[in-house]
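Values below: all heavy atoms of this structure, side chains included; hydrogens, waters and symmetry mates excluded.
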Amino acid sequence: MNDTEDDLNQKTNEERLGDYLKSAREELELSLVDVSNETKIRKFYLECFESNDLTPLPADVIARGFLKAVAIFLKLDPNVVLKKYDEEKGIFELVDDTMSDSTFRPSLKNERRKLLNSFYLAILLMLFFVISHIFLS
């Protein structure tokens, strides 16, 4: 990479999500209504993104879907846009050190499943003993 590309990348990294989206939209000479009509995302949400007001947005999974659609429509890299969103929301990628740890505790869901399986096995054994007692008597 040359110095110009480095400067551009640094500027992109420092720019807030809303400013980044707004400048990309304005470069394409599009209005918020144009983006809303094309992506089927309410103009209100687009305004929230551009004003860096992320609190009225729906659940993160939905907001991320909106952002990905907007990024693709505005010819931006969706990964860069989503990374900016995560940084703005305070969501950071966690390194999977816990997964490589040999003492990693299985999830509660797995523990509940094992407990439920044991319960079913106990019921089955009791039924077996009751049925066998009835037939042997």
Side-chain angles (χ1 to χ4, degrees):
M1 273 200 254
N2 59 30
D3 289 338
T4 309
E5 287 179 23
D6 287 339
D7 292 342
L8 183 63
N9 285 339
Q10 186 172 357
K11 182 181 177 202
T12 300
N13 290 338
E14 292 173 1
E15 197 172 25
R16 293 199 60 189
L17 173 66
D19 301 327
Y20 185 61
L21 293 174
K22 186 174 183 177
S23 64
R25 178 179 59 78
E26 289 174 345
E27 278 182 30
L28 296 172
E29 299 179 1
L30 297 169
S31 70
L32 284 173
V33 174
D34 295 331
V35 177
S36 176
N37 289 339
E38 247 346 274
T39 60
K40 307 299 185 224
I41 298 168
R42 288 179 38 200
K43 181 182 170 200
F44 171 75
Y45 292 134
L46 298 173
E47 290 170 342
C48 289
F49 286 128
E50 286 194 3
S51 66
N52 296 308
D53 182 14
L54 306 179
T55 51
L57 295 172
D60 278 340
V61 69
I62 296 169
R64 290 173 64 83
F66 288 169
L67 277 173
K68 187 173 182 180
V70 169
I72 291 169
F73 178 68
L74 296 177
K75 298 174 178 54
L76 298 172
D77 181 357
N79 294 325
V80 171
V81 173
L82 292 174
K83 182 179 178 193
K84 285 181 174 296
Y85 173 75
D86 289 345
E87 289 169 355
E88 299 264 337
K89 288 286 283 191
I91 302 168
F92 301 103
E93 276 188 49
L94 298 175
V95 180
D96 281 343
D97 289 337
T98 55
M99 296 304 284
S100 63
D101 186 7
S102 61
T103 62
F104 178 70
R105 183 175 176 212
S107 70
L108 287 177
K109 186 176 180 180
N110 289 340
E111 289 178 16
R112 288 184 187 136
R113 184 176 294 135
K114 287 179 183 177
L115 185 61
L116 194 57
N117 288 342
S118 299
F119 176 73
Y120 289 141
L121 182 60
I123 297 288
L124 187 64
L125 286 173
M126 286 175 53
L127 280 173
F128 175 73
F129 286 123
V130 168
I131 293 172
S132 64
H133 181 52
I134 291 172
F135 282 117
L136 292 177
S137 301

Rounded to the nearest 0.5 Å, what separates atom [atom1] in [X] from atom [atom2] in [Y]?
X      : Y      : atom1 : atom2 : result
Leu121 : Leu116 : CG    : CG    : 11.5 Å
Asp86  : Arg64  : CG    : CZ    : 4.5 Å
Glu15  : Lys22  : CD    : NZ    : 11.5 Å
Asp77  : Lys68  : CG    : NZ    : 10.5 Å

Which heavy atom of [X] sits nearest to which heavy atom of [Y], and what is that distance?
X     : Y     : value
Ala63 : Pro58 : CB-O, 4.2 Å
Gly18 : Asn52 : N-OD1, 2.7 Å
Tyr85 : Leu57 : CE1-CD1, 4.3 Å
Leu46 : Val70 : CD2-CG2, 3.5 Å
Pro78 : Ala71 : CA-CB, 3.8 Å

Joint cluster assignment, [X] & [Y], ILVMFWY side-chain distance < 4.5 Å:
X      : Y      : value
Phe129 : Ile134 : no
Ile62  : Leu17  : yes
Met126 : Phe135 : no

What verdict does the side-chain contact (heavy atoms from CB on, under 4.5 Å) test give for Leu124 and Phe128, after you've listed the backbone C-alpha separation in whole Å, the side-chain angles of each residue and the deciding distance to 0.1 Å? CA-CA 6 Å; Leu124 187 64; Phe128 175 73; 5.9 Å; no
Distance-only donor-acceptor hits, side chain of residues 27-39, under 3.5 Å, sequence neighbours excluded:
{"unit_1": "Ser31", "atom_1": "OG", "unit_2": "Val33", "atom_2": "N", "d": "3.3"}
{"unit_1": "Ser31", "atom_1": "OG", "unit_2": "Asp34", "atom_2": "N", "d": "3.1"}
{"unit_1": "Ser31", "atom_1": "OG", "unit_2": "Asp34", "atom_2": "OD2", "d": "3.2"}
{"unit_1": "Asp34", "atom_1": "OD2", "unit_2": "Ser31", "atom_2": "N", "d": "2.9"}
{"unit_1": "Ser36", "atom_1": "OG", "unit_2": "Ile41", "atom_2": "O", "d": "2.6"}
{"unit_1": "Asn37", "atom_1": "ND2", "unit_2": "Val33", "atom_2": "O", "d": "3.3"}
{"unit_1": "Thr39", "atom_1": "OG1", "unit_2": "Val35", "atom_2": "O", "d": "2.7"}
{"unit_1": "Thr39", "atom_1": "OG1", "unit_2": "Ile41", "atom_2": "N", "d": "3.4"}

Does the pair Lys84/Glu88 count as a salt bridge with the N-to-O cut at 4.0 Å? no
Test side-chain contact (heavy atoms from CB on, under 4.5 Å) applied to Leu21 and Leu67, step by step: CA-CA 9 Å; Leu21 293 174; Leu67 277 173; 3.7 Å; yes
Please collect all ring-ring contact (aromatic ring centres under 6.0 Å, His included) contacts where either partner lies in residues 36-71, sequence neighbours excluded, each pair once. Tyr45-Phe66
